[in-house]
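Every chain is numbered from 1, with letters handed out A, B, ... down the list of sequences. FYI, side chains are in, hydrogens and waters are out, and symmetry mates aren't considered; it's all heavy atoms of this structure.
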Amino acid sequence: MLTLTDIAHTYTPRKADDVQALRGVTLSAQPGEVTALVGPNGSGKSTLFRLVTGTLALQQGSVTMNGAAVRASRLGVVFQSPALDEQLTVFENLRTHAMLYGMQLRPVDLPADLIDALGLGEMLHSRVSALSGGYRRRVELAKALLPEPDLLVLDEPFTGLDVTVRDTFFRVLREITARRGLTTLLITHELAVAGICDRVVLLESGAIVADDTPARLLGEFGASVVEITTSDIPALEAALSAAGATALRLHARGLLAKSMTLKEVLAVVDERDSRIEDMHMRRPTLEDYFIARTGHAILMHDEDRRAA
Amino acid sequence: MTAFVLPTYGLWQRDLRHFLRQRSRVIGAVGQPFVIWIFLAAGFRHSMQAAGTEYGTWLFPGVILLIALFAAIFSTISVIEDRRSGFLQGVLTSPAPRTAIVLSKMLAGTTIALAQALIFMVLLPFSGVSLTLPGFLLSMLLLAAAGMMLTALGFIMAWRMESTQGFHAVMNLLLLPLWMLSGAFFPLEGAAGWMRVIMQLNPLYYVTSLFQQTFFLGSGVEVPGAPAQALSLAVTAGLLFLLTFISLRMVEQK
């Protein structure tokens, strides 16, 4: 189990004020589970990643794996930017990486289950420069898992991947995590992925705002919510609240009503004669939860960004 | 031991593969010393002598040192490329000791320099140098030391730099004058008084003098005014130790 206790970190730029990136973060990630660490830019995700992977020195708190310091030899890392050598083949990349872990690797030593699961069998002798973004990510994952780590940390591994590739990658990741009993910490801002992880930790301004399973986090929203797109936000928000709903501003033109059916919301809209551009019922998402807790979206909508 | 040797070997091997797979770099690296020596030796043939010997003969060991210098520049430039491409972060989070990063670069730079020097030596019959076996063995040993030292210097410069263009500019500004004022290009004897002082302050002068003396060993070519061999050896060993120590310390810092 990965345990982070009371982690705080402050950057001290030369010509600017101190920036407190993390403020007493405490969390744990269980073996056999994918724990998503989610937050907007500047929430402290990258700092936490660097502290867990040992590329940044701890200022306060502790990072332990099963009660002891994280050992580099038991750690697998997938970086946001690719860490592959494009001049080398897939196998040469894997072999060089294995040697960094003190392992000598021949093609026959490659774990067949891993290579098959990632679909890399045909690609082993291709230069990395010839691979697509999706395959490069798979090589990254194979590299990280090659030394059979206890802890796998992935930093925004889905950047630049289309949804199909992303889903395949995640499926393999989840299957390997469960099968090997890996403790997997997935750092991402993609709430769609976080929503299907075993556990979600939401980070905002260097502090944890939520830490639970996606189902429990979304429990407070009920089975469904009503999303309304309108230019009449303040008035409709007040009317919905008066009618007993909890209204939540999603963005400059978006409102979410919970604890009300579509029919009940329609009644309020009719009564106020509000101008509605769109209205539909849907399942609640982690984005809704994040907005409810922080007052803003993980990725700001264009209009909100302009307003900010 | 395996935890140190294998990562160093793996990274060294990777650097060599990189070198060999960049055809233009191989052609450039192998061709450059040929062009420099042929043009300068032929160009100054009837207009210049150095230390009483033909200019081409004098210049020959100097160009071999220049090979080590260029090999060091190109080997360590990959430190910046590796950081930019993301490869370095994978090395830094692995259990490989960070010393492996420095030593693999030093070994790769030196291996490339030695291989290039051996190729360049096909011009030996035209150089006027009768290379003896002890002279060859000792000078290759010294070339290895020079390669390690210059690669360590390049590593120190590259470790904190972000731009390959900036690195090139700094290295050319620093290393080329060091080489030109090392006695490789022209001998100390015959230089202006103030220039002699500058040359004697240049640590590479001692490395070059020792290299010339070993390369010309038994060939009848003298290196007039060369510093005492013990002093040159001490400066060479001291420089190698100091630059290696600094680069190892730098790479250990997070």
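In terms of heavy-atom pairs under 4.5 Å with chain A, the best-connected choice from B:A100, B:P95, B:G86 is B:P95. Counting heavy-atom pairs under 4.5 Å between each of A:L88, A:L75, A:N93 and chain B puts A:L88 at the top. When each of B:Q22, B:R17, B:R14, B:R21 is scored by its heavy-atom pairs under 4.5 Å with chain A, the top score falls to B:R21.
A donor-acceptor contact shorter than 3.5 Å links the side chain of A:R127 to the backbone of A:Q87.
In this structure, no portion of A:E140 lies under 4.5 Å from any heavy atom of chain B. For B:Q13, the part lying near chain A is the side chain, with the backbone staying farther off; criterion is any non-hydrogen pair under 4.5 Å. Only the side chain of A:R95 comes within less than 4.5 Å of a heavy atom in chain B; its backbone stays farther off. Using a 4.5 Å cut-off between heavy atoms, A:L84 touches chain B through its backbone atoms (N, CA, C, O) alone.
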Kindly indicate, with the supporting measurements, whether the criterion side-chain hydrogen bond (donor to acceptor under 3.5 Å, both in side chains) is fulfilled by A:S81 and B:Q89.
CA-CA 9 Å; A:S81 51; B:Q89 56 190 358; 3.1 Å; yes
Would A:T188 and A:K45 count as a side-chain hydrogen bond (donor to acceptor under 3.5 Å, both in side chains) if you check the C-alpha gap in whole Å, the side-chain angles of each, and the deciding distance to 0.1 Å?
CA-CA 8 Å; A:T188 182; A:K45 298 191 305 285; over 6 Å; no
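In this structure, A:H97 has its ring center at least 6.0 angstrom away from the ring center of B:F87.
Side-chain atoms of A:T184 and A:T177 form a donor-acceptor pair, as typed in the model, at a separation below 3.5 Å.
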